[in-house]
Amino acid sequence: MPAGAVTAVRDVSMRIEAGASVAICGPSGCGKSTLLHILGCVDTPTSGTLLFEGRDVRSMGESQRSTLRLTRIGFVFQRFFLLPMLTALENVELPQAEAGAPRDERRRRSSELLDYVGLAHRAGHRPSQLSGGEMQSVAIARALANRPQLLLADEPTGELDQATGEQIAALLDRVHQDGTAVVVVTHDTAIASRAERTLRMRDGRTVSEAAEQAG
């Protein structure tokens, strides 16, 4: 290892099944977000194996990884990252446009998704006209736009008050129940307890894993 190099994640072995619900927990700086970026094929591990639907991600070129992220993986972030000059509907359309979907198809899909997250009536509003919870709901709709198999959420309730955070957590529960695998990085034990599995990290390593009892 080069002098001064930092190993953010090490000795991690995990499998995310289709349709799973997993929470990744641990103190700040323990490697949670880095692990999420690796699972999302944003970062490529320097060693080990990373497979997505049986394909070796480390052997892919950047163009292949970009296509994989666009079409198979959805991302939700703490700070929403909606484009301020676009309406809610246009923000949800954007990844579909990048994937080459026809205009009529992406407009229909975006309208359906905004209705799914309870914001059909806010389709024409820009982010500055939305509350924090509404912006995160739009961000979830955007993440689902290309029908991903895996949804990754990095502290999705971190910018929200408790009541609004519960609403977003319930929406992520619904996404999971509808068949999408959901992995959430969170400091919030109440959010983590909703997952089927909880992976705990410390110093870049997984230190324990618990299966939650549903219901």
Side-chain angles (χ1 to χ4, degrees), residues 21 23-24 28 32-34 36-37 39-43 66-178 180-188 190-192 194:
S21 171
I24 302 175
S28 296
K32 303 186 302 298
S33 292
T34 299
L36 201 73
H37 292 165
L39 293 176
C41 307
V42 175
D43 294 337
S66 179
T67 298
L68 179 64
R69 291 191 299 267
L70 179 63
T71 60
R72 308 299 287 166
I73 305 171
F75 297 88
V76 179
F77 304 97
Q78 180 174 340
R79 297 193 175 176
F80 323 131
F81 294 122
L82 301 177
L83 293 184
M85 73 291 294
L86 301 182
T87 65
L89 186 73
E90 291 165 342
N91 267 284
V92 179
E93 279 191 74
L94 189 59
Q96 299 170 76
E98 292 175 353
R103 179 179 174 81
D104 288 349
E105 179 183 323
R106 64 182 190 250
R107 182 60 55 94
R108 180 172 59 253
R109 171 71 175 161
S110 298
S111 296
E112 290 172 351
L113 284 168
L114 286 178
D115 184 56
Y116 179 83
V117 301
L119 289 178
H121 63 296
R122 305 289 268 170
H125 290 71
R126 290 182 170 80
S128 62
Q129 300 169 306
L130 302 174
S131 69
E134 287 172 335
M135 284 192 284
Q136 193 61 290
S137 294
V138 172
I140 292 171
R142 179 186 59 189
L144 297 173
N146 289 326
R147 297 180 172 83
Q149 294 300 299
L150 174 64
L151 182 70
L152 302 175
D154 194 356
E155 298 286 359
T157 63
E159 296 282 310
L160 307 175
D161 61 61
Q162 183 175 357
T164 306
E166 284 288 330
Q167 294 171 5
I168 293 301
L171 177 55
L172 291 173
D173 288 347
R174 182 182 177 190
V175 171
H176 165 239
Q177 290 161 6
D178 288 342
T180 303
V182 177
V183 179
V184 179
V185 160
T186 183
H187 284 93
D188 190 333
I191 302 300
R194 306 172 78 110

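Only heavy atoms go into these numbers, but all of them, side chains included; no hydrogens, no water, no symmetry mates. Position 1 is the first residue of the sequence; numbering continues from there. Bear in mind that the values here come from a model prediction, so they are computed numbers and not experimental data.
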Trace of the side chain to side chain contact (heavy atoms under 4.5 Å, CB included) decision for L114 with R122: CA-CA 8 Å; L114 286 178; R122 305 289 268 170; over 6 Å; no

Pair T87-H125, side chain to side chain contact (heavy atoms under 4.5 Å, CB included): steps then yes or no: CA-CA 5 Å; T87 65; H125 290 71; over 6 Å; no

Check against side chain to side chain contact (heavy atoms under 4.5 Å, CB included), H187 and S28: CA-CA 8 Å; H187 284 93; S28 296; 3.3 Å; yes

Verdict with supporting geometry, N146 and Q96, side chain to side chain contact (heavy atoms under 4.5 Å, CB included): CA-CA 6 Å; N146 289 326; Q96 299 170 76; 3.5 Å; yes

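For the pair D43 (side chain) and H37 (backbone), a donor-acceptor distance under 3.5 Å is absent. A side-chain donor-acceptor contact under 3.5 Å links Q136 to the backbone of P156. A donor-acceptor pair under 3.5 Å is absent between the side-chain atoms of R69 and the main chain of F75, judged by distance alone. When atom types are taken as modelled, the side chain of N91 and the backbone of L86 share a donor-acceptor pair closer than 3.5 angstrom.
L172 and A153 get closest at one heavy-atom pair: CD1-CB, 4.5 Å. R174 and Y116 make their closest contact through NH1-O, 2.7 Å (heavy atoms, listed as atom of the first residue, atom of the second, distance). Scanning all heavy atoms of the two residues, the minimum distance from P148 to A143 falls at CG-O, 3.3 Å. Among all heavy-atom pairs drawn from S137 and L171, the shortest one is OG-CD2, 4.0 Å. Listed here is the closest heavy atom pair of T164 and G133: CG2-CA, 3.3 Å. The nearest pair of heavy atoms linking R126 to M85 is NE-O, 3.1 Å.
Atoms CD and CG, on Q78 and L160 in that order, are 8.5 Å from each other to the nearest 0.5 Å. Considering CD1 of I191 and OG1 of T157, their distance stands at 4.5 Å, rounded to 0.5 Å. Considering CG of D178 and CG of D173, their distance stands at 11.0 Å, rounded to 0.5 Å. L144 contributes atom CG, which lies 6.0 Å from atom CG of L151 (distance to the nearest 0.5 angstrom). The distance from atom CG of L68 to atom CD of Q149, rounded to the nearest 0.5 Å, is 11.0 Å. Interatomic distance, CZ of F77 versus CD of E159, reported as 13.5 Å (0.5 Å rounding).
The existence of a salt bridge linking E98 and R106 is excluded, since no basic side-chain nitrogen approaches an acidic carboxylate oxygen closer than 4.0 Å.
Put simply, the side chain of R194 reaches to within 4.5 Å of the side chain of E166, judged on heavy atoms. Annotation: side chain of V92 is in contact with side chain of V138 (closest heavy-atom distance under 4.5 Å). Residues E155 and V185 have side chains in contact (heavy-atom distance under 4.5 Å, counting atoms from C-beta outward).
Checked options L152, V184, L39; the residue passing with I24 is L39 (criterion: side-chain contact (heavy atoms from CB on, under 4.5 Å)). Applying the salt bridge (Lys or Arg N to Asp or Glu O under 4.0 Å) test between E93 and each of R109, R107, R108 identifies R107 as the sole match.
Judged by a 6.0 Å distance limit and a 45° cone about the ring axis, R142 is not positioned over the six-membered ring of F81.
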